[in-house]
Amino acid sequence: MSQSFETILVERRDRAAIITINRPDKRNALNIQTRAEGAAILDELRGDNSVRLVVLTGAGDKAFIAGADIAEFATRTAIAQREVMLDRSLFNVIDGFPKPIIAMVNGYCLGGGCEVALACDLRIASEKASFGQPEINLGIIPGGGGTQRLTRLVGEGKAMEMILTGEIIDAQTALAIGLVNHVVPADQLETKTMEIANRIADKSPIALRLAKEAVKLASRSNLDEGLRREVDLFALCFSSEDKDEGVKAFLEKRKAEFKGM
Ligand code: COA
């Protein structure tokens, strides 16, 4: 990596980049520096063709991310807080990242941490993980997309309950309401996540990018517009060598070798 970071770790594992939020003594709470470093590393990985996808996790065995760094809230003015949220929001950088991002949720996934997980494309959780939007207990509301992304993912009733009560739910409950894709024992979290990551990494990076864009349209456009744009993105796949390779490999009964061209 060309930059050095203090609050995150970055590791390459085959075709995946693993970003670890590294403030375990603060339960990986997101301070301004962590948000900036997270956005900066994603900018770097965006253009790195050897990286097919990103896995995001938290250091230690207790927390994925226990939310925004509450200590920073103590003296911040409303205007300063608004600027922090609008200025290259990490949530939006994750959301707009052109490659798949998997949240590997190893523990507390609260507040801004839950919002980070919600901005990712898939969420794989350890049985020890727990989820919540406890902002209401601080006299505030979710500000990193929680009211919007959680509601779109689990429906208004469940989202409203979590946001109004601030209740923390366990991993199995998160699975039951559709907040996470899979729940596995803690010692299998990395294996399961990398298994899914490798399955995704085998696909055409171009098709992955267009598929991600098309799926995200579903909650951001009306049905007619979404269907229309899906056709355009589908047709765009036909301009790639990967599409030729995929079709040819099927007809030749062999595994496709996608190059992202
Ligand atoms: N912001 C800042 N510091 C945080 C933090 C956060 N969101 N979450 C945890 N920490 C800090 C604690 O202040 C403590 O620091 P200290 O050792 O300097 O006192 C350290 O991390 C360990 O936290 P602790 O509460 O002792 O750990 P725990 O394992 O018993 O409990 C939590 C973990 C996550 C349940 C608890 O820390 C918590 O409720 N955190 C706040 C969650 C939250 O409200 N998030 C939404 C923020 S908008």
Side-chain angles (χ1 to χ4, degrees), residues 5-9 19-39 56-95 103-120 123-151 153-154 158-174 177 179-180 183 185-187 189:
F5 300 104
E6 288 176 4
T7 65
I8 61 170
L9 302 169
I19 301 176
T20 303
I21 307 296
N22 191 28
R23 300 183 74 214
D25 54 329
K26 294 291 177 191
R27 304 298 179 261
N28 301 321
L30 291 179
N31 60 11
I32 290 183
Q33 184 181 4
T34 314
R35 289 165 194 253
E37 291 186 353
L56 187 59
T57 194
D61 59 0
K62 293 213 166 105
F64 172 69
I65 299 170
D69 191 322
I70 300 170
E72 289 185 342
F73 288 168
T75 55
R76 202 175 279 157
T77 65
I79 295 296
Q81 183 60 38
R82 188 167 187 270
E83 274 166 24
V84 168
M85 304 299 279
L86 291 178
D87 179 32
R88 297 239 49 226
S89 144
L90 175 61
F91 310 100
N92 291 341
V93 173
I94 293 172
D95 191 315
M104 183 164 78
V105 185
N106 53 314
Y108 293 116
C109 182
L110 305 176
C114 193
E115 291 169 307
V116 163
L118 287 164
C120 292
R123 286 152 289 279
I124 318 295
S126 144
E127 279 172 353
K128 283 169 44 184
S130 55
F131 298 79
Q133 297 289 164
E135 290 88 345
I136 203 84
N137 298 326
L138 302 173
I140 57 176
I141 69 170
T147 64
Q148 304 304 301
R149 292 194 184 96
L150 182 63
T151 305
L153 193 61
V154 305
K158 289 290 175 197
M160 196 69 93
E161 186 176 348
M162 286 178 70
I163 290 168
L164 297 190
T165 66
E167 90 176 299
I168 309 297
I169 60 172
D170 62 23
Q172 287 300 341
T173 306
I177 65 173
L179 178 42
V180 299
V183 175
D187 61 0
L189 180 62

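Numbering of residues begins at 1 and proceeds along the displayed sequence. Counting convention: from 1, in listed order, for ligands and their atoms alike.
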> Looking at Glu135, which atoms of ligand 1 are within less than 4.0 Å of one of its heavy atoms?
48 (S)
> Determine, considering heavy atoms only, which of Ala66, Cys109, Gly111 sits nearest to atom 43 (C) of ligand 1.
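Answer by nearest heavy atom: Ala66.
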> Determine whether Ile169 and Leu179 make a side-chain contact, defined as any pair of heavy atoms from C-beta on separated by less than 4.5 Å.
yes
> Does the side chain of Arg82 reach to within under 4.5 Å of the side chain of Leu86, using non-hydrogen atoms?
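Touching, per the 4.5 Å side-chain cut-off.
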> Ala171 and Ser126: which non-hydrogen atoms are nearest, and at how many Å?
CB-O, 3.4 Å
> Under 4.0 Å from atom 36 (C) of ligand 1, is there any protein heavy atom?
no
> Please check atom 27 (O) of ligand 1 for a protein heavy-atom neighbour under 4.0 Å.
yes
> Where the closest heavy atom to atom 47 (C) of ligand 1 is concerned, which of Ile70, Leu30, Asp69 has it?
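Shortest heavy-atom distance from atom 47 (C) of ligand 1: Ile70.
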> Is Ala29 touching ligand 1 with its side chain, its backbone, both, or neither, if touching means heavy atoms under 4.0 Å apart?
side chain
> Of the protein's non-hydrogen atoms, which lies at the shortest distance from atom 39 (O) of ligand 1, and what is that distance?
Leu110 CD1, 4.7 Å
> Report the nearest protein non-hydrogen atom to atom 33 (C) of ligand 1: residue, atom name, distance rounded to 0.1 Å.
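For this ligand atom, the closest protein heavy atom is Tyr108 CE1, 3.4 Å.
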> So, the side chain of Arg123 versus the backbone of Ala103: is there a donor-acceptor pair under 3.5 Å, distance only?
no
> Is it the case that ligand 1 has an N or O less than 3.5 angstrom from some N or O of Leu138?
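There is no such contact.
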> If we ignore angles and hydrogens, is there a donor and acceptor under 3.5 Å between the side chains of Gln33 and Thr7?
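Gln33 vs Thr7: no donor-acceptor pair found between side chains.
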> If you measure every N/O of Ala68 against every N/O of ligand 1, is any gap under 3.5 Å?
yes
> How about Val84 and Glu72: do any of their side-chain heavy atoms sit closer than 4.5 Å?
no
> Taking side chain as C-beta onward, heavy atoms only, is Ile168 less than 4.5 Å from Tyr108?
no
> Nearest protein heavy atom to atom 29 (O) of ligand 1, by residue and atom, and its distance?
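Ranked first by proximity to atom 29 (O) of ligand 1 is Arg27 NE, 3.1 Å.
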> In this structure, which one of Val180, Thr173, Leu110 forms a side-chain contact (heavy atoms from CB on, under 4.5 Å) with Phe131?
Val180
> Could you list the atoms of ligand 1 found under 4.0 angstrom from a heavy atom of Pro134?
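Under 4.0 Å from Pro134, ligand 1 has these atoms: 43 (C), 44 (O), 45 (N), 46 (C).
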> Using modelled atom types and a 3.5 Å cut-off, is there a donor and acceptor pairing between side-chain atoms of Glu115 and backbone atoms of Gly146?
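Between the backbone of Gly146 and the side chain of Glu115 there is a qualifying donor-acceptor contact (under 3.5 Å).
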> Compile the donor-acceptor pairs under 3.5 Å between side chains in residues 56-63 and protein atoms, sequence neighbours left out, one pair per line.
unit_1 : atom_1 : unit_2 : atom_2 : d
Thr57  : OG1    : Met104 : O      : 2.8
Thr57  : OG1    : Asn106 : OD1    : 3.4

> Given the protein's heavy atoms, is any one of them under 4.0 Å from atom 10 (N) of ligand 1?
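Flag for atom 10 (N) of ligand 1 set to true, protein heavy atom closer than 4.0 Å.
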> If we only count N/O pairs under 3.5 Å, is Asp25 in contact with ligand 1?
yes
> Can you confirm whether some protein heavy atom lies under 4.0 Å from atom 45 (N) of ligand 1, or whether none does?
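Yes, there is one.
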> Please classify the Lys26 to ligand 1 contact at 4.0 Å (heavy-atom distances, strictly less than): side chain, backbone, both or neither.
both
> Evaluate the side-chain proximity of Ile124 to Leu189: yes if any heavy-atom separation is below 4.5 Å, no if none is.
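Sidechains of Ile124 and Leu189: in contact.
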> Looking at atom 7 (N) of ligand 1, is any protein heavy atom nearer than 4.0 Å to it?
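Yes, at least one protein heavy atom sits under 4.0 Å from atom 7 (N) of ligand 1.
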